[in-house]
Amino acid sequence: MLLSSRTLYDHSFNVCFMSLVLGRSLGLAVERRRSLGRGALLHDLGMMRAPAEIRDSVGELSPEELAQVRKHPTWGRQTLSMTPNFPYDALNIVLDHHERADGTGCPNGLSKKNIPYMARIVKVVDTYDAMTSPRPHRPALSTTQAASPLLERSGSDLDREMTIEFLRLPSQAIR
Ligand SMILES: [Fe+2]
C-alpha cells in the first residue's frame, strides 16, 4: 500500500497538526482539542498490526489484503483502549476516522452526524494529507490542486461544512 513506517510517521504528524488548526478554527475548546490531538496523532496506530508486506507494499492490494487494512481502525482502538485514561473521544477518532458521510465507510457504516464530530475533522485532514502526499502511482497534488477534489468529496464522504472551513484556512497553516 503506502504506509511505510516513515510515511506513517510523517502522515500522523501532519494530520495531528492540521486537525488542531482546523479544530481551533471550528471553535473547539482547549480540553477537546487535547483529545483531538491525541486521537489525530494516533489515528493510524492500528496499521502497525497489519503485516509489514501489506504496509510497505507499493502495488495494488488484493481484496484479502484490503480487508486486513480496513481493520486498522478497530485494531488501533483496541490497542489504545488498554491505555489507562486515554480519552474516550480520542478513542472514537481512532475507530471512526474511515467512516464516510454517505454511510459507506468502515468499520460500522456510520453516516453524517452519527460520525463523531472530531472523527469528521480528522477525516477531512486525513483525506487532504493523502492527496497532497506523493504515492507510487501519482505525484503529490499542490494545496491549490487539492481544493477542488476535496470539495467534490464533501457531502459524499467528507463533512461539507468542515471541508469548507478547512479550505478557508491560510495555506501556510495547512502545508
Ligand atoms: Fe487510517
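Sequence positions, counted from 1, serve as the residue numbers for this chain. Counting starts at 1 for both ligands and their atoms, in listed order.
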Taking R120 first and then E165, would you say they form a salt bridge - that is, a charged N and a carboxylate O separated by under 4.0 Å? no
Considering residues, nucleotides and ligands other than R168, do more than 12 of their heavy atoms fall under 6.0 Å from its CZ? no
Angle at the Fe ion (ligand 1) between NE2 of H97 and NE2 of H98, to 10°? 90°
For the aromatic rings, using the six-membered ring if either is Trp, is the centroid distance between H11 and H43 under 6.0 Å? yes
Among side-chain atoms of Y128 and T143, is any donor-acceptor pair under 3.5 angstrom? yes
Distance check below 2.8 Å: does D44 bring an N, O or S atom to the Fe ion (ligand 1)? yes
Checking only N/O/S atoms, does H43 have one that is under 2.8 Å from the Fe ion (ligand 1)? no
